[in-house]
Amino acid sequence: MNYLDIAKNQLNKLLADAYGIAVSAGELPEGAVIPPPALSKDVANGDLSSTFGLANAGAFKMPPRNIATLLHSHIDLENSLFVSAEVAGAGYINFRYAQNWYEGVLRAIAAEGDNFGKTVRERPERVMVEFVSANPTGPMTIGNARGGVLGDTLASILEAAGYDVWREFYLNDAGNQISVLGKSLEARFLQALGQDIEFPEDGYHGDYIKDFAASYIADFGDNLLTLSTEERQKALASYVLPKNVAAMENDLARYGVRFDRWYAESELHNSGYVDETIALLTKNGYTYEKDDALWLESTKFGLEKDEVMRKSNGFYTYYATDIAYHRDKLEKRGFDLVIDALGADHHGHTVRFRAGVEALGLNPNRLQFLLFQLVRLVRDGEVVRMSKRTGKSITLSDLLDEIPLDAARFFFGMRNPDVHLEFDLGLAVKASSDNPVYYVQYAHARICTMIAVLEEMGVSIDTEGDYSLLTHETEVDLIRHIAMLPEEILLAAKDYDTSRINRYLVELATRYHRFYDKCRVKDAEPALRQARTMLAVATRQTLQNGCRLLGITAPVKM
RNA sequence: GCGCUUGUAGCUCAGCGGAUAGAGUGCCCGGCUACGAACCGGUAGGUCGCAGGUUCAAAUCCUGCCAGGCGUGCCA
């Protein structure tokens, strides 16, 4: 249950009713706007507040405080979730939750358990999140790591927000990069066999190419020497591709990321779906031929220039294939919404993809993007570019060798996607208070130990308490914060900003630590002890539900 | 040049139309005979990049500048 939302809705109605009375009494003119009630930043100003007076000052030509006072005189809090309403400041009306609101929150969590925080929709929209989609030509990068966490967590959050979610990895196993891979492998293969071959300038220079060539020779010797260059490159690429895909799958699984499907680009080609899609674009009248190439009139859809679909050498561009892929997602498979998680270095794709979708006659708004900025690794205040151990650029698997999984997932997710992420390697492995992961997990472990002690004393964690005894400011504050989880999930889902949940959990842990510091549980009077125990249980549940969304553990002991 | 994006405390970042701009970290100070001190509390620290504009109200919206990042291939 979203108790914040329930309170806001009720408050809206109370305000509308009061306004109706004021209008019929001739005290206020008609045509007011009733702004949605907002959470007060400062508890001194109550829990929810209305800016009705301020918002209508211009229209009514009355001082805001007078408007607020008039409206306030007609607000009836009888049988509501609020205990008080008062006019304050320049013209605010501030409301305070009544006891039954707090009790409702705690009862809801006890009843909902693992489902607390979720929103249920009658007809869930089908959403695909496509993420990582790293090139299968080499190891995954730190950028892929951030994309992996953001995509996977967004998918989880969308599920919790009531969507039917599908996770997909688009595997670029065709096209130019595969032929570059073949060329690079061939050069390394021949070099390893003693031939003096120049390495292609546009080839993949990483040492992993040498390693693969060596591993091929170890497995099969020099049997490719008799083949044509083309066949040799193909054979080497086909040898490496599945190995690399398996390695990626393995690294991602280690990272807690799994996909419903790895969609191979080659399928789009082999099935003729790319041909068919390009034919459709032509039929829609948006293509033309020039310089032996086939062009899309993308300028008709807001792009600066037209784009090539089929190159003069007869091959499709990535763009043509991507349009087919998005048609497959939206039209063939019928997802209501598709979200592509892209690194900011690919942000140019967003307008191009939308243009392609629109040229197909589909609504481009069904395609959305989670753009994230790149990652800067830092250790001891210095930017880290290379792996200490290997001297090469740091890969996802290097990172996982060094950083605990929970820390990696938390750190990659803890910033708003559109800000550059500074990843502090030193901090991530630190088991202390300044590490936010441990701070959150410590709160959970602390609750677990305390509850174990209480149960030994015979305190039940299955019976309700007299929640009206929870009146200390740290108790009340904790409950208020617990109640916000469903709303936080909805906001994170709406903005594609999963870092809200990271911040929420840190805040929740803070509220719990404060409560723990100020309010003894074990030594309290039995009735109060019972109520506080149930508050701790509710906090534990909320921490668990939040951690599950982020894909991190909530340990019983640390 | 054009497009996207970011500029908030020493550092890393929240806040994105409402009441005195917040947190973590770092500096300094204080708190365990205790259900885990991996915790809590306090002091100090800010022309919210700059300049205009809209509004009862601007860090938040609009415009123009300045600075950083990214994009602008018959690469993907």
Side-chain angles (χ1 to χ4, degrees), chain A residues 35 38 40-42 44-45 49 51 53-64 88-92 94 133 135 137 172 175-178 180 202 265 290-295 303-305 307-319 321-322 343-351 371 373-374 376 378 381 414-416 418-424 427 430-439 441-443 445-454 457 474 495 499-500 503 506-507 509-510 512-524 529 532-533 536 557-558:
Chain A
S40 303
K41 278 187 210 159
D42 187 345
N45 296 325
S49 68
T51 52
L54 299 156
N56 294 296
F60 289 1
K61 297 195 168 56
M62 285 169 73
Y92 298 91
N94 295 332
S133 301
N135 276 337
T137 54
N172 299 112
N176 192 50
Q177 58 199 338
I178 299 301
V180 172
D202 63 348
E265 178 187 349
K290 192 182 86 180
D291 304 333
D292 299 327
L294 184 73
W295 296 72
L303 266 62
E304 283 185 18
K305 55 183 194 55
E307 300 278 352
V308 173
M309 293 281 100
R310 195 180 57 232
K311 300 183 260 185
S312 50
N313 65 10
F315 290 104
Y316 289 117
T317 59
Y318 89 96
Y319 186 33
T321 322
D322 268 312
D345 52 339
H346 287 92
H347 76 254
H349 286 7
T350 60
V351 280
L371 282 175
Q373 293 293 327
L374 302 184
R376 182 169 44 226
V378 172
M414 74 181 173
R415 300 295 179 221
N416 184 314
D418 40 51
V419 56
H420 275 101
L421 177 71
E422 180 143 320
F423 193 116
D424 189 328
L427 182 59
K430 222 165 143 187
S432 75
S433 57
D434 41 353
N435 184 334
V437 192
Y438 287 91
Y439 184 77
Q441 293 183 326
Y442 179 57
R446 232 183 180 185
I447 296 173
C448 290
T449 329
M450 186 181 79
I451 287 175
V453 171
L454 288 161
M457 293 169 59
T474 60
D495 296 341
S499 66
R500 291 192 76 100
R503 267 176 254 123
V506 172
E507 285 294 315
T510 301
Y512 181 76
H513 288 311
R514 284 213 265 259
F515 156 73
Y516 182 91
D517 193 58
K518 292 279 185 260
C519 299
R520 300 284 305 169
V521 180
K522 201 179 75 178
D523 315 328
R529 186 178 64 198
R532 284 181 173 167
T533 302
K557 256 190 246 173
M558 307 176 56

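Predicted model, so just to flag it, every value in this text is computed and none were measured. Hydrogens, waters and symmetry mates are skipped; everything else that's a heavy atom, side chains included, is used.
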Next on the checklist: Any strand counts, and the cut-off is 3.5 Å on both contacts for Watson-Crick or G-U wobble. Which nucleotide pairs with G41(B)?
Outcome noted: C29(B)
Next on the checklist: Using atom P in both nucleotides, what's the gap between C56(B) and C40(B) to the nearest angstrom?
Outcome noted: 44 Å
Next on the checklist: Please determine whether any donor N or O and acceptor N or O are separated by less than 3.5 Å between the side chain of Thr317(A) and the base of C74(B).
Outcome noted: no
Checklist entry - So Arg503(A) and Val506(A), side chain to side chain contact (heavy atoms under 4.5 Å, CB included) or not? Walk me through it. => result CA-CA 5 Å; Arg503(A) 267 176 254 123; Val506(A) 172; 5.7 Å; no
Checklist entry - Using atom C1' of each nucleotide, how far apart are C48(B) and C13(B) to the nearest Å? => result 13 Å
Checklist entry - Quick one: does Thr317(A)'s side chain have a donor or acceptor within less than 3.5 Å of a partner on Val308(A)'s backbone? => result yes
Next on the checklist: Nearest to the His513(A) side chain among A76(B), C40(B), A37(B), which nucleotide is it?
Outcome noted: C40(B)
Item to check | Nearest atoms (heavy-atom pairs only) where Arg529(A) meets Lys522(A) | outcome: CD-O, 3.5 Å
Checklist entry - Under 4.0 angstrom, heavy atoms only, what part of the nucleic acid is Cys519(A) near: base, sugar-phosphate, or nothing? => result base
Checklist entry - Between atom CG in Asp517(A) and atom P in A37(B), what is the gap in whole Å? => result 9 Å
Next on the checklist: Taking A44(B) as the reference, what is the distance to C27(B) when you measure between their C1' atoms (whole Å, please)?
Outcome noted: 9 Å
Checklist entry - What nucleic acid atoms does Asp418(A) come within less than 4.0 Å of, heavy atoms only: base, sugar-phosphate, or nothing? => result sugar-phosphate
Item to check | Sugar-phosphate only, base, or nothing, as touched by Ala55(A) at under 4.0 Å among non-hydrogen atoms | outcome: base
Checklist entry - In Watson-Crick or G-U wobble terms, both distances under 3.5 Å, what is the partner of C56(B)? => result G18(B)
Checklist outcome for this item: Looking only at A19(B), G36(B), A76(B), the nucleotide nearest the Ser40(A) side chain is A19(B)
Next on the checklist: Ignoring hydrogens, what is the shortest heavy-atom contact between Tyr319(A) and Met309(A)? Give both atom names and the distance.
Outcome noted: CD2-CE, 3.1 Å
Checklist entry - Under a 4.0 Å N-O cut-off, is there an ion pair linking Asp523(A) with Arg520(A)? => result yes
Next on the checklist: Is Lys41(A) close enough to A23(B) that one of its side-chain N or O atoms is under 4.0 Å from OP1 or OP2 there?
Outcome noted: no
Checklist entry - Contact class for Ala445(A) vs. all strands (heavy atom < 4.0 Å): base, sugar-phosphate, or nothing? => result base
Checklist outcome for this item: Side-chain contact check for Asp291(A): nearest option of C74(B), C70(B), C39(B) is C74(B)
Next on the checklist: Would you measure the distance from the P atom in A51(B) across to the matching atom in A19(B) and give it in whole Å?
Outcome noted: 22 Å
Item to check | Side-chain N or O of Tyr439(A) closer than 4.0 Å to phosphate OP1/OP2 of C40(B) | outcome: yes
Next on the checklist: C56(B), OP1 or OP2 - any side-chain N/O from Lys61(A) closer than 4.0 Å?
Outcome noted: no
Next on the checklist: Nearest to the side chain of His349(A), heavy atoms from C-beta on, is which of G36(B), G71(B), A76(B)?
Outcome noted: A76(B)
Checklist entry - Between A14(B), C35(B), A38(B), which one does the side chain of Arg503(A) approach most closely? => result A14(B)
Next on the checklist: Just to be sure I understand the rule, does Ser49(A) reach a base, reach only the sugar-phosphate, or reach nothing, if contact means heavy atoms closer than 4.0 Å?
Outcome noted: base
Next on the checklist: At less than 4.0 Å, is any side-chain N or O atom of Arg514(A) found next to OP1 or OP2 of G41(B)? Yes or no.
Outcome noted: yes
Checklist outcome for this item: The answer to which of Ala90(A) and His420(A) contacts RNA chain B further toward the 5' end, by nearest nucleotide, is His420(A)
Item to check | Heavy atoms of other groups near Phe315(A) CZ, more than 12 under 6.0 Å | outcome: no
Next on the checklist: What's Ala293(A) touching, base or sugar-phosphate or nothing? Going by heavy atoms closer than 4.0 Å.
Outcome noted: base
Item to check | Under 3.5 Å donor-acceptor, Asn45(A) side chain and Ser40(A) backbone | outcome: no
Item to check | Presence of Lys522(A) side-chain N/O under 4.0 Å of C35(B) phosphate oxygens OP1/OP2 | outcome: yes
Checklist entry - So what does Asp495(A) hit on the nucleic acid, given a heavy-atom distance under 4.0 Å: a base, only sugar-phosphate, or nothing? => result nothing
Checklist entry - Which is true for Lys557(A) with a 4.0 Å heavy-atom rule: it touches a base, it touches only sugar-phosphate, or it touches nothing? => result base
Checklist entry - To the nearest Å, how far apart are Tyr316(A) OH and C75(B) P? => result 16 Å
Next on the checklist: Just to be sure I understand the rule, does Arg520(A) reach a base, reach only the sugar-phosphate, or reach nothing, if contact means heavy atoms closer than 4.0 Å?
Outcome noted: base
Checklist entry - When we call it a touch if two heavy atoms are under 4.0 Å apart, what does Tyr516(A) touch: a base, just sugar-phosphate, or nothing? => result base
Checklist entry - With a 4.0 Å cut-off on heavy atoms, is Asp523(A) in touch with a base, just the backbone sugar-phosphate, or nothing at all? => result nothing
Checklist entry - Using atom P of each nucleotide, how far apart are A23(B) and G69(B) to the nearest Å? => result 32 Å
Checklist entry - With sugar-phosphate meaning primed atoms plus P, OP1 and OP2, does Gln373(A) contact a base, only sugar-phosphate, or nothing at under 4.0 Å between heavy atoms? => result sugar-phosphate
Next on the checklist: For a quick check of understanding: with a heavy-atom distance under 4.0 Å over all strands, which category does Val419(A) fall into, base, sugar-phosphate or nothing?
Outcome noted: sugar-phosphate
Next on the checklist: Rounding to an integer number of Å, can you tell me how far Asn416(A) CG sits from A59(B) P?
Outcome noted: 20 Å
Checklist entry - Taking the same atom, P, in A21(B) and in G26(B), what whole-Å distance lies between them? => result 25 Å
Item to check | Length of the CG-P vector between Leu303(A) and G71(B), whole Å | outcome: 17 Å
Next on the checklist: Reading RNA chain B from 5' onward, which residue's closest nucleotide shows up sooner: Asp292(A) or Pro35(A)?
Outcome noted: Pro35(A)
Item to check | Atom-to-atom span, CZ of Arg415(A) to P of A23(B) - whole angstrom | outcome: 15 Å
Checklist entry - What's the closest nucleotide to the His347(A) side chain, out of C70(B), A37(B), C35(B)? => result C70(B)
Checklist entry - Taking the six-membered ring for Trp, are the ring centroids of Tyr512(A) and Phe515(A) within less than 6.0 Å of each other? => result yes
Next on the checklist: Testing the basics here: between Lys311(A) and Tyr316(A), what is the closest heavy-atom pair and its distance to 0.1 Å?
Outcome noted: CE-O, 3.8 Å
Checklist entry - Out of C40(B), U72(B), C35(B), which has the shortest distance to the side chain of Lys518(A)? => result C40(B)
Item to check | Check: Asn56(A) side chain, Ala59(A) main-chain N or O, donor-acceptor pair, under 3.5 Å | outcome: no
Checklist entry - Would you say a side-chain N or O of Arg446(A) is under 4.0 Å from OP1 or OP2 of A37(B)? => result yes
Checklist entry - What integer number of Å spans the C1' atoms of G49(B) and C66(B)? => result 7 Å
Checklist entry - Paired with G71(B): which nucleotide, if any, by Watson-Crick or G-U wobble criteria at under 3.5 Å for both distances? => result C2(B)
Next on the checklist: Using whole Å, what does the distance between atom P of nucleotide G69(B) and atom CD of Glu422(A) come to?
Outcome noted: 15 Å
Checklist outcome for this item: Rounded to whole Å, CD of Glu304(A) lies from C1' of G71(B) at a distance of 10 Å
Next on the checklist: Expressed as a whole number of angstroms, how long is the span from Gln441(A):CD to G36(B):P?
Outcome noted: 18 Å
Item to check | P atoms of A59(B) and G7(B), separation to the nearest Å | outcome: 15 Å
